[in-house]
Number of protein chains: 2
Amino acid sequence: MKKKTTIYDIAKKLNITAATVSRALNGNSKISEATRKLVAETAKEMNYEQNKLAQALKSGKSYNVGVIVPRIDSNFFASIIRGIEEELYPQGYHVIICQTHDQEALETGNINSLLNAQVDGILMSVSNAKGDSDTSFNALLKKNVPLIFFDRKKEIKGISSVTIDDFKGAYEATKHLIDQGYRRIAHLSNDRSLLIFKNRYLGYRQAILDSGLEFDENLVIETHSKVLEGRKTMKKLLNFENRPDAIFSASDFTALGAIQEIKAHGLKIPEDISVVGFSNEPFTRFMELSITSVDQSPIEMGRLAAQVFLEEVNNDKRIKSEKQVVLTPELIIRKSSLKSQILDKA
Amino acid sequence: MKKKTTIYDIAKKLNITAATVSRALNGNSKISEATRKLVAETAKEMNYEQNKLAQALKSGKSYNVGVIVPRIDSNFFASIIRGIEEELYPQGYHVIICQTHDQEALETGNINSLLNAQVDGILMSVSNAKGDSDTSFNALLKKNVPLIFFDRKKEIKGISSVTIDDFKGAYEATKHLIDQGYRRIAHLSNDRSLLIFKNRYLGYRQAILDSGLEFDENLVIETHSKVLEGRKTMKKLLNFENRPDAIFSASDFTALGAIQEIKAHGLKIPEDISVVGFSNEPFTRFMELSITSVDQSPIEMGRLAAQVFLEEVNNDKRIKSEKQVVLTPELIIRKSSLKSQILDKA
DNA sequence: CTGTTAGCGCGTTCAT
DNA sequence: ATGAACGCGCTAACAG
């Protein structure tokens, strides 16, 4: 590494003090316009760049925030991250992205590493790892490092969150199926220790009850958000003696798997069985048989999470304001659930 | 922030010096086993955690590396990043991910921010932004900050890279189409100032020439890696008086768009028109009409890029060894290009 | 084996 | 308006 120029170098050249240089560069009020200009010029001349590490060490702020997600290769999380970036970059922050791959060890490991890296805060979507990572969260709280949950939250006192109304999204999706005339609606669920899946389950259930239909717990199957898992689960459902005529899936990926399996059995969608997913992943729109899904406005979610973080970090540290932002989901109706021909333009 | 415990705190408690504590913690050879143990214990007791910032300031190493990609919401780049992580995490590095969204300003901006953040190196896939960001690259070189290109490289002396043999991938894809009996093969290209697209074009061209077919430049159309762009371009091609009977697309996304458009025109795939994409994005496998594509083993690519970085950073700084790793692509044949019924199990 | 000292680069008193 | 001096937390050089 070529030696970087420091404020000392430029101080020496100007026969002034490093302190003065620092002040000049930072816009201190009581510095003569002359030296300010002089310093600025020579700084540029010498290709001076502030060493953020030193500044961070001094100020205690690294201007790095950690973002922890289960994985980045879904449009949903990638979009959230984009939203976070859009909000944070202009404020001079950097984003360190970590993936948990739903593994407990990685989750707590990532938190610790980020803390070690002196991040100014952590925005995260909790994984569905089983163990009790709550201890990590509490450690964070004790250190007063801002922690914001988005999408997949845990209910911990004092931690702000940005989520969507999963109950409502599920309710409307299910209601839509009922309105289309479907009567035996199955639900591809997921780990309901995670609030989002619990709420999607509850929304689904309530819609059925409100419509006076019979609620059949056997039609609720817990699976994982993977295409192949969706296929497997659908296979089971198709073997029921009284098989469902519609599927509300808590995930677009399992919805896709279900569709594949349904077709493989020679059944028609949506005539024989209707399918609705969740998250509005791009492929739901691009499939020849486009898939009805619930949009979660992930970019907006990311932006809001970032805003909450900025508030917490800028406000007086002593005021710990817990903030719960809840977004409204939007049902996007497509071919996989609509018997008539009127579709959205997508 | 609660005051963190430092090595001074634990030194005071033990009536020894901070230096000793530091040594004990870092496994210095000449420290008594007794104190080493004692220090370790009290460190744990007091919840001591090393301040990486201070260490970084001291050592000049931040143990952060920057990864710059056009975007993260494609499986290809996400997988590369995963490969990089797998290789770098065990070495204690963190990964700061930046997206350029193919914008020149963001590309140079990201580089500068990363440098400011004192990253130990940058792994990047260049965007197809037009401007001359070469100056940024050269600035990097001058500072001796390791820079490694993956996938989308620029040919700059002294910069290592990990790529795949795009020429070969394109050649084999095109050859496959020819072997299937197709004769008028169009190519959906992309910005050929990027080597990957230039080479895919050249591979396509060579395969045609080698087969004794007529090469028709009119069948090469430059577009962008988006589904809708693929549709638009395909629309044009379908209006040719002598329309193509096969498409080799440099992108899976444009291939998908092309397929949509072909179907919209009531034509059959692969009977009337055959389609091959590039990158082996997951959706190519999941479509009902699965899409033939060229796999680029992105995880492997990421791992290799990380390995090259580690070599550069660990080796003697004075030896600037430029390393060019080239991976071999693999053609994955699926329904969209195969007239017979023998498919891969996918 | 361990203490002393010094410095990484910066911002911030406290003087002047 | 500016200089001198100190400290953020850690490690390395030099003692002893």
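Residue numbers start from 1 in every chain, and the chains themselves are labelled A, B, ... in the order their sequence lines are given, proteins ahead of strands.
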Are side-chain N/O atoms of B/K61 and B/Q55 paired as donor and acceptor at under 3.5 Å?
no
Any Lys/Arg nitrogen of A/R36 or A/E33 sitting under 4.0 Å from an Asp/Glu carboxylate oxygen of the other?
yes
Closest nucleotide among D/dT2, C/dC1, C/dC10 to the A/Y8 side chain
C/dC10
Rounded to the nearest Å, what distance is computed from the CD1 atom of residue A/I7 to the P atom of nucleotide D/dA5?
16 Å
Drop me the distance from A/D151's CG to A/T163's OG1, to the nearest 0.5 angstrom.
8.0 Å
Atom-pair distance (CG on B/N28; P on C/dC1), nearest Å
10 Å
Within this structure, what is the CD-to-C1' distance between B/Q55 and D/dA12, rounded to whole angstrom?
13 Å
Search all heavy atoms of B/A18 against all heavy atoms of B/A11 and return the closest pair with its distance.
N-CB, 3.6 Å
Using five pairs at each end of the helix from C/dC1-D/dG16 to C/dT16-D/dA1 to define an axis, what is the angle between those two axes, to 10°?
40°
Nearest-nucleotide 5' precedence on DNA chain C, B/I16 against B/L57:
B/I16
What is the minimum heavy-atom distance between A/V308 and A/S160, and which atoms define it?
CG1-CB, 3.7 Å
Please answer whether the main-chain N or O of A/Q118 pairs with a side-chain N or O of A/S62 as donor and acceptor at a distance below 3.5 Å.
yes
How many Å lie between NZ on B/K61 and P on D/dT11, as a whole number?
14 Å
Could you list all N or O pairs between the protein and nucleotides 12-16 of chain C that sit under 3.5 Å apart?
| from | atom 1 | to | atom 2 | distance (Å) |
| --- | --- | --- | --- | --- |
| C/dT13 | O4 | A/R23 | NH1 | 3.2 |

Here the distance between atom C1' of D/dG3 and atom NZ of A/K12, to the nearest Å, is 16 Å
For B/T6, answer base if it contacts any base atom (sugar-phosphate contacts may also be present), sugar-phosphate if it contacts only those atoms, and nothing otherwise; contact means non-hydrogen atoms under 4.0 Å.
sugar-phosphate
Mind calculating the distance between CD (B/Q118) and C1' (C/dC8) to the nearest angstrom?
11 Å
Any Lys/Arg nitrogen of A/K157 or A/E322 sitting under 4.0 Å from an Asp/Glu carboxylate oxygen of the other?
no
Give the table of side-chain donor-acceptor pairs shorter than 3.5 Å for residues 63-72 of chain A, with sequence neighbours excluded, one pair per line with atom names and distance.
| from | atom 1 | to | atom 2 | distance (Å) |
| --- | --- | --- | --- | --- |
| A/R71 | NH2 | A/D102 | OD2 | 3.0 |

At less than 4.0 Å, is any side-chain N or O atom of A/S32 found next to OP1 or OP2 of D/dT2? Yes or no.
yes
Tell me whether A/R82 is salt-bridged to A/E86, with the criterion being a basic N under 4.0 Å from an acidic carboxylate O.
yes
Here the distance between atom C1' of C/dG11 and atom CD of A/Q50, to the nearest Å, is 10 Å
Could you give the CG-to-P distance, from B/L25 to D/dA12, as a whole number of Å?
13 Å
For A/T35, which contact category applies under a 4.0 Å heavy-atom criterion: base, sugar-phosphate, or nothing?
sugar-phosphate
